[in-house]
Amino acid sequence: MRIPCPHCGSRDVAEFVCRGQVSEDLHLRDNPAGPVAEHWYHAQGCRQWLVVTRNIVTHDILSVEYPR
């Protein structure tokens, strides 16, 4: 899977670390099938946190943006 970093361009998922779903609750998370917003850290690139929205069934990346 490749993640299109807004700063570095398209990069392999191995350069990133996933923190998980964007959620207020740290312990009780949904397990939906479909689009999910997740926090990803570009550890081997620009070292920025990103919000990656992807379909967890097909692994298609729907959007990538910086957190607000």
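Values in this document were obtained by computation on a predicted structure and should not be read as measured data.
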Inset, instruction - Heavy atoms only: give me the nearest Q21-H39 pair and the separation to one decimal. - result: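 Nearest heavy atoms, Q21 then H39: O-ND1, 4.5 Å.
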Legend entry - Least distance between heavy atoms, A43 atom then V17 atom: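 So the minimum-distance heavy-atom pair works out to CB-CG2, 4.0 Å.
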Are [X] and [Y] connected in the hydrophobic side-chain network, where two residues link if heavy atoms are under 4.5 Å apart?
{"X": "V64", "Y": "Y66", "value": "yes"}
{"X": "I56", "Y": "M1", "value": "no"}
{"X": "L62", "Y": "V36", "value": "no"}

Legend entry - Point-to-point distance, once rounded to the nearest 0.5 Å, from CD of Q48 to NE2 of H42: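 The distance works out to 10.5 Å.
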Inset, instruction - Hey, could you give me the CD1/CG distance between I3 and L50, rounded to the nearest 0.5 Å? - result: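 Answer rounded to 0.5 Å: 8.0 Å.
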Inset, instruction - Would you please classify the geometry between the F16 ring and the W40 ring as parallel, tilted or perpendicular, with 30° and 60° separating the classes? - result: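 Rings of W40 and F16: perpendicular, over 60°.
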Inset, instruction - Flag the pair R54 and E38 as a salt bridge only when some basic side-chain nitrogen lies within less than 4.0 angstrom of an acidic carboxylate oxygen. - result: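 Between E38 and R54 there is a salt bridge, with a charged N closer than 4.0 Å to a carboxylate O.
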Inset, instruction - Applying side-chain contact (heavy atoms from CB on, under 4.5 Å), run through R47 and Y41 and close with a yes or a no. - result: CA-CA 6 Å; R47 297 184 181 172; Y41 179 66; 3.4 Å; yes
Taking distance alone, no hydrogens or angles, what donor-acceptor pairs closer than 3.5 Å link side-chain atoms of residues 4-11 to residues at least two apart or in another chain?
from: S10; atom 1: OG; to: R2; atom 2: NE; distance (Å): 3.1
from: R11; atom 1: NE; to: C8; atom 2: O; distance (Å): 3.3
from: R11; atom 1: NH2; to: C8; atom 2: O; distance (Å): 3.1

